[in-house]
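In what follows, a single structure is set out as structure tokens and then discussed.
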Protein chains: 2
Amino acid sequence: MVSFFLRNKLVIVYGLSMAILLFLLKWLELRFMIINHSMEIYIGAIAVIFMGIGIWVALKLARPKKETVVIEKEVFVTQSAEFVFDEKELNRLAISKRELEVLQLMSKGLSNQEIAEALFVSLNTIKTHSSNLFIKLDVKRRTQAVEKAKQLKIIA
Amino acid sequence: MVSFFLRNKLVIVYGLSMAILLFLLKWLELRFMIINHSMEIYIGAIAVIFMGIGIWVALKLARPKKETVVIEKEVFVTQSAEFVFDEKELNRLAISKRELEVLQLMSKGLSNQEIAEALFVSLNTIKTHSSNLFIKLDVKRRTQAVEKAKQLKIIA
DNA sequence: CTCAGAATCATACTTAAGTATGAAGAAAAA
DNA sequence: TTTTTCTTCATACTTAAGTATGATTCTGAG
């Protein structure tokens, strides 16, 4: 019963509007029967009113659907494979900060004397650090130390 | 001029329709003036016609809107830094095949004696090749030679 | 405060790397 | 065929790297 009303809501409202309007028409018809020279105005009013009703009804019927168009756009972001320092490996080998500094300069091709000057220490100190590094990295010479450290990612 | 017509197409068509309908009304009005008892039918016809016009006009006006949504999707591309042998650089430096072999083994951390054994030559030969390499690469020691060769992409 | 680890430095010594000079043979280019 | 380049090897020497041993100072954790 209620569902019948909801489903036909528009039709019922439309019908009632028509009934009211027809009643209004009859009433206005009788009044214009008395004032006979305003016939054109009367008819013009009817035309406008019913057109307005038509527009209103149509707008209600034809609900504008929003059409959504989804466009997926791929954006390529380049991610360079940069050196990632492996701190875990450094800790595992128990290499100290100073030892790492020596190793880094060694990998750049500096001699022991040059490393000593860069770090403001004596040549003996560098020899000591080198020797300790070789033990920790289990290598025999600086070329091996540098190569191994790069593989282990503790230097760039 | 033409754009004026296109922009106001609906208004113009609507106006013309109104003019024609008014003309029709006047014509029907004169005919029903002769047959006086059909007044209600005449007015009812007007109401129906103008409502129909209203509906038609409204349906034309109410165009469904299109909504465009752009979704950006990020795709990460890893840039692999693979070794690409630079033969041009090798030729520029005039490094011979044998010299390159020595350089490659040197970069792996082998001592001169070990390189000699690997290539079935004497230690003196390796020292000669090394010396020549250092001159060509403009370096003072093997660590510098290896580092520079990697930068120049003549060894991996 | 004590102790362990890191950093620094030294001496004495050995080994490896690197330089200078020269020679011979093989292969490629003119 | 001659010349140039590459490859190999040697001798003598210097320099740098690497080893062994020991000592001192500083810093941070317990």
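Quick note on labels: first sequence line is chain A, next is B, and so on, each numbered from 1.
For the pair Leu110(B) and Glu117(B), the minimum side-chain heavy-atom distance is 4.5 Å or more. Contact annotation: the side chain of Val146(B) never approaches that of Val146(A) to less than 4.5 Å [non-hydrogen atoms, C-beta and beyond]. Side-chain atoms of Leu137(B) and Gln144(B), non-hydrogen and from C-beta on, never get closer than 4.5 Å to each other. You'll find the side chain of Thr125(A) stays beyond 4.5 Å of the side chain of Val102(A), heavy atoms only.
Shown are Lys148(B), Lys108(B), Met106(B), Gln104(B); of these, the side-chain contact (heavy atoms from CB on, under 4.5 Å) with Ile155(B) is made only by Gln104(B).
For the residue pair Asp86(A) and Leu152(A), the shortest heavy atom distance occurs at CB-O, 3.7 Å. Of all heavy-atom pairs between Leu123(A) and Ala116(A), the closest is N-CB, 3.9 Å. Residues Ile154(B) and Phe85(B) approach most closely at O-CE1, 3.5 Å, considering heavy atoms. Counting all heavy atoms, side chain and backbone alike, Gly109(B) lies closest to Thr143(A) at CA-OG1, 3.6 Å.
Rounded to whole angstrom, the span from the CG atom of Leu123(A) across to the P atom of dT15(D) amounts to 15 Å. Rounded to a whole Å, the NZ atom of Lys140(B) is 12 Å from the P atom of dA17(D).
Residues from residues 146-156 of chain A with heavy atoms under 4.0 angstrom of DNA chain C: there are none. A heavy atom closer than 4.0 Å to some atom of DNA chain C occurs in Asn124(A), Thr125(A), Thr128(A), His129(A), these being the qualifying members of residues 124-138 of chain A. Near DNA chain C, meaning a heavy atom under 4.0 Å away, the residues from residues 89-117 of chain A are Ser96(A), Lys97(A), Arg98(A).
OP1 or OP2 of dG18(D) sits under 4.0 Å from a side-chain N or O of Arg142(A).
Among residues at least two apart or in separate chains, side chain to side chain donor-acceptor pair (under 3.5 Å) pairs with a member in residues 127-139 of chain A are Glu99(A)-Lys136(A).
Atom CD of Gln151(A) is surrounded by more than 12 heavy atoms from other residues, nucleotides or ligands within 6.0 Å.
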Take Glu89(B) and Arg92(B) through the test side chain to side chain contact (heavy atoms under 4.5 Å, CB included) and record every step on the way to the result. CA-CA 5 Å; Glu89(B) 198 67 38; Arg92(B) 186 181 69 83; 2.4 Å; yes

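Salt bridge present: Arg98(B) and Glu101(B) bring a charged side-chain N and a carboxylate O closer than 4.0 Å. Salt bridge absent: Glu114(B) and Lys140(A) never bring a charged side-chain N and a carboxylate O closer than 4.0 Å.
To the nearest 0.5 Å, atom OG of residue Ser111(A) and atom CZ of residue Arg141(B) are 4.5 Å apart.
Defining each end axis of the helix from dC1(C)-dG30(D) to dA30(C)-dT1(D) as the rotation carrying four pairs' C1' atoms onto the next four, with five pairs an end, the two axes are found to diverge by 60° to 10 degrees.
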Using a cut-off of under 3.5 Å, enumerate the N/O to N/O pairs linking the protein to nucleotides 26-30 of chain C.
none

